[in-house]
Amino acid sequence: MGSFVGYRCSICNKDYAPDEVQYSCPHDGGNLDVILDYSTIKKTVTSQQIFQSTEASLWRYLPILPVGEPGFKDTPFHRAGDTPVFATSGLGKEFGIQKLWVKDESRNPTASFKDRASAVVVARAREILAEVVVTASTGNAGAALAGMAAAVGQKAIIFAPRTAPPAKIAQLLVFGAQVILVDGNYDSAFDLTIEAASEFGWYCRNTGYNPFTAEGKKTAAFEIWEWWETAGKKFSDNHNLVVFVSVGDGNIISGIHKGFKDLQALGWLERMPRIIGVQAAGSAAIANAYFMGNEKIIPVAANTLADSISVDFPRDGVRAIRAIRETNGTYITVEDEEILKAIAALGKVGIFAEPAGATSYAGFVKAAQNGVIYSNDTILVLNTGSGLKDVKAAMQAVQEAPIIEPSMEALKHFLERTNG
Ligand SMILES: *Cc1c(COP(=O)(O)O)cnc(C)c1O
Ligand SMILES: [Zn+2]
């Protein structure tokens, strides 16, 4: 917290003091980057000390976060992050890729990447003594906020589209948040939440609006860096690391980019990894702007089964474009069919992803086929959410199971028929 010195607008570059603004730039609505004093951080901690930390959560990066130690150490709130990086037993070989890893964010307390953002926003909410935290969500951001808030006794209100997958709505309700479903899409919930927060004085967590979400999400970059420095690099002869990220609002990819930039500014990152953003073809406003060669985000009428990345107007589009431009990455779009295939492929190495979670893998497949990545690159694909969150989509990715009479005779008959 001692290193948090203010905000900088990503559009007009104007700086603000920590208590001067709360959300986006008052002049142009640009997303604000949190500014940290890197020399203070370097006096507080070394990279070696971080590698040796015994804290098994994103709070191991406390000196590089704009909040203080939040307490609640033995609750789920203190357990976001520290997700595993899994080997994929030859999964990439089919596409000529030898080194393919999956960082499994479904292992977070509420089973998605969003816990990282919600944990840091809840920590901030407690510091500013917010009574109520509110968010708009396609489901996961809300579940994460509801779960983190429940663990620390913070009041939370969630606005979600009534069409959100039932498992996500169940999470919101079970965590005891006040849940309001809107008869509209995510974008309409988003706008309503901002209006309500300003009218009622609630603290608003909205993605691509509250600067602290990206600060939480950047901890995934810190973990990737730590993994790379302590394990991954050993398997790489050329030290090329490529990270694949599913993109909706563009806040995860912006946050990850911020994390790598923090590490670079601290002198702890040898080489910037390439970041590749993957969008559903039916919800590709950021990829569209990237391919037009500018930063002008034109809204789409989003239509994809990957509900977590179904966004008409991405709220962090500008920084999301820079994340790949400044890292020599690119955008890739994939069809829903490719996303369903990706769910099945990841399942075969023991990883159960929701559609948006598997989208990054679908992008990897396309990148390998199109020569965007090279056979000796080390590839790290993020699975951002658990398949249990959307069982209906999962069932579309696989063959239905047969039903037989519970007898040996029926079983033998069935096996003869299917196995020849
Ligand atoms: C929110 C989310 C994303 C995309 O994050 P953005 O910040 O909106 O780009 C991807 N996958 C899952 C599972 C998510 O919940
Ligand atoms: Zn501005």
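Numbers here simply count residues along the sequence, with the first being 1. Atoms within each ligand, like the ligands themselves, are counted from 1 in listed order.
Checked against a 3.5 angstrom limit, the closest N/O atoms of D249 and ligand 1 fall inside it. Some N or O of G248 is nearer than 3.5 Å to an N or O of ligand 1, by distance alone.
Rounded to 10°, the angle that SG of C12 and OD1 of D28 form at the Zn ion (ligand 2) is 150°.
Contacts between N140 and ligand 1 below 4.0 angstrom, taking non-hydrogen atoms only, involve the side chain exclusively. For T384, heavy-atom contacts with ligand 1 shorter than 4.0 Å involve the backbone as well as the side chain.
Residue N251 has at least one heavy-atom neighbour below 4.0 Å for each of these atoms of ligand 1: 6 (P), 7 (O), 9 (O). Interface of I309 with ligand 1, defined as ligand atoms under 4.0 Å from a residue heavy atom, comprises 3 (C), 4 (C), 10 (C). Against a heavy-atom cut-off of under 4.0 Å, A356 is close to the following atoms of ligand 1: 11 (N), 12 (C), 13 (C). Applying the 4.0 Å criterion to heavy atoms of V247 picks out, from ligand 1, the atoms 9 (O). Every atom of ligand 1 with a heavy atom of G385 under 4.0 Å away is listed here by number and element: 13 (C).
None of T83, N108, T110 except one satisfies the side chain to side chain donor-acceptor pair (under 3.5 Å) rule with D115; the exception is T110.
Counting all heavy atoms, side chain and backbone alike, R322 lies closest to S10 at NH1-O, 2.7 Å. Of all heavy-atom pairs between S308 and E354, the closest is OG-OE1, 2.6 Å.
Remark: distances from the non-hydrogen atoms of G250 to ligand 1 include one below 4.0 Å. Ligand 1 does not have K389 within reach: every non-hydrogen atom of the residue lies 4.0 Å or more from it.
Both tests pass for R315 against the ring of F190: distance under 6.0 Å to the centre and angle within 45° of the axis. Taking the ring centre of F113 as origin, the terminal cationic atom of R116 falls inside the region bounded by 6.0 Å and 45° from the ring axis. Cation-pi check for K218 over F222 is not met; the charged atom does not lie both under 6.0 angstrom from the ring centroid and within 45 degrees of its normal.
Between the side chains of D312 and Y186, no donor-acceptor pair of N or O atoms lies under 3.5 Å.
Scanning the protein for heavy atoms near atom 2 (C) of ligand 1, the closest one is K114 NZ, 2.3 Å.
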